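First comes the structure, then the notes that go with it.
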Amino acid sequence: MVSSVKGTYASADLEWDFIKGAHGFLGAVAGAKLFDVDTAIVDASTNAREVDTITAPIPVIGLATRFYAGRVSFEGEIAGLSIGSRGSLLEAEASVRLHISERLAVMGGYRHLSLDGKDGLDEVNLKLGGWQFGLEISL
């Protein structure tokens, strides 16, 4: 049996900071995550093939925070939503940034994503996590 899974994950969020200060912020996040996944399962012994595409927009709510300590900042965000027996999504991220200048920073951290969903006979249980690194440019 051979299987293939290819997908796209996109996010659109708005953040409202209800606590702001010189040393950071704490805010609420609301938005949506979009999963667009193509799967193919082939069983050569029975010459059977099943192909499916699932596109699922998932609304989320959560919290985001950042704490500044000189040229270093610490950030965390957690967002998700449960829709009962149909599924749930949880995404959590923690990172550290080194601010090279007012508009440029390098970042390293960890991200975890957990998605459970059910639609009729289709079911998904996805868990992803790992280290992330990046460059932030503020315009």
Side-chain angles (χ1 to χ4, degrees):
M1 188 176 309
V2 177
S3 60
S4 170
V5 177
K6 295 180 184 177
T8 302
Y9 173 66
S11 177
D13 303 315
L14 291 174
E15 180 180 325
W16 177 68
D17 298 332
F18 48 84
I19 298 175
K20 287 192 266 188
H23 295 291
F25 63 82
L26 176 63
V29 175
K33 311 293 183 183
L34 177 70
F35 283 90
D36 186 13
V37 179
D38 298 317
T39 60
I41 300 171
V42 178
D43 187 349
S45 65
T46 62
N47 201 24
R49 176 184 171 140
E50 185 173 328
V51 178
D52 198 5
T53 297
I54 299 171
T55 302
I58 303 167
V60 295
I61 56 173
L63 292 174
T65 186
R66 187 180 288 179
F67 175 74
Y68 295 100
R71 297 180 74 96
V72 176
S73 66
F74 303 91
E75 180 178 346
E77 182 175 325
I78 186 165
L81 193 64
S82 174
I83 50 175
S85 63
R86 298 241 357 199
S88 64
L89 178 131
L90 176 67
E91 183 174 21
E93 178 259 333
S95 61
V96 176
R97 281 183 171 73
L98 174 60
H99 300 270
I100 298 166
S101 71
E102 185 178 313
R103 304 214 179 268
L104 183 65
V106 292
M107 179 272 293
Y110 191 84
R111 179 176 297 262
H112 173 78
L113 172 68
S114 175
L115 170 68
D116 297 305
K118 187 173 184 179
D119 184 21
L121 296 177
D122 294 330
E123 197 170 323
V124 64
N125 183 330
L126 176 69
K127 299 208 184 319
L128 298 172
W131 295 101
Q132 60 182 0
F133 304 94
L135 180 67
E136 179 181 282
I137 300 172
S138 302
L139 302 175

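Since the structure is predicted, the reported quantities are computational estimates derived from the model, not experimental observations. The figures here come from the full heavy-atom set of this structure, side chains too, leaving out hydrogens, waters and symmetry mates.
Atom CG of N125 has more than 12 neighbouring heavy atoms from other residues, nucleotides or ligands inside a 6.0 Å radius. More than 12 heavy-atom neighbours from other residues, nucleotides or ligands sit within 6.0 angstrom of CG on L135. By the neighbour-count criterion of 12 heavy atoms within 6.0 Å, atom CD1 of I61 is sparsely surrounded, having that number or fewer from other residues, nucleotides or ligands. Heavy atoms of other residues, nucleotides or ligands lying less than 6.0 angstrom from NZ of K20 number 12 at most.
Under a 4.0 Å N-O distance rule, the pair D13/K33 qualifies as a salt bridge. Salt bridge status for E136 with R66: present, with a side-chain N to carboxylate O gap under 4.0 Å.
D43 places a side-chain N or O within 3.5 Å of a backbone atom of S45 that can act as its donor or acceptor partner. Side chain of R71 to backbone of I100: a donor-acceptor contact under 3.5 angstrom is found.
Proximity of V5 to V37: side-chain heavy atoms (C-beta onward) are separated by under 4.5 Å at one or more points. Residues V51 and T39 form no side-chain contact, since every pair of their non-hydrogen atoms from C-beta on lies 4.5 Å or further apart. A heavy-atom distance below 4.5 Å is found between the side chains of H112 and S114. Using a 4.5 Å heavy-atom cutoff, the side chains of I54 and F35 are not in contact.
Under 3.5 Å, the side chains of D36 and T55 contain a donor-acceptor pair of N or O atoms.
If you chain together hydrophobic residues whose side chains sit under 4.5 Å apart, Y9 and V29 never meet in one group. Residues V96 and F67 share a hydrophobic cluster, clusters being chains of Ile/Leu/Val/Met/Phe/Trp/Tyr side chains in contact below 4.5 Å. Residues I137 and L98 fall within the same hydrophobic cluster, defined by Ile, Leu, Val, Met, Phe, Trp and Tyr side chains chained together at heavy-atom separations under 4.5 Å. No single ILVMFWY cluster, assembled from side-chain heavy atoms under 4.5 Å apart, contains both M107 and L139. The hydrophobic cluster containing L81 does not contain L115, counting ILVMFWY residues as joined when their side-chain heavy atoms lie under 4.5 angstrom apart, directly or transitively.
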| task | Begin from the C-alpha positions of S101 and H99 and carry the test side chain to side chain contact (heavy atoms under 4.5 Å, CB included) through to its verdict. | result | CA-CA 5 Å; S101 71; H99 300 270; over 6 Å; no

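Heavy atoms only, all atoms of each residue included: T65 and F25 are closest at OG1-O, 2.8 Å. Taking every heavy atom of both residues into account, Y68 and S73 meet most closely at CD2-CB, 3.6 Å. Scanning both residues, S82 and S88, for their nearest heavy atoms gives CA-CB, 3.9 Å. The shortest non-hydrogen separation linking F74 to A69 is CE1-CB, 4.5 Å. P57 approaches P59 most closely through the heavy-atom pair O-CD, 4.0 Å. Considering all non-hydrogen atoms of both residues, S3 and I41 come closest at CB-CG1, 4.2 Å.
Between W131 and F133, the gap from one ring centroid to the other reaches at least 6.0 Å.
Taking CG of L63 as the reference point, atom CD of E15 lies at 9.5 Å (rounded to 0.5 Å). To the nearest 0.5 angstrom, L113 atom CG is 8.0 Å from L90 atom CG.
Only one option out of E91, E93, E77 pairs with R111 in a side-chain hydrogen bond (donor to acceptor under 3.5 Å, both in side chains); it is E91.
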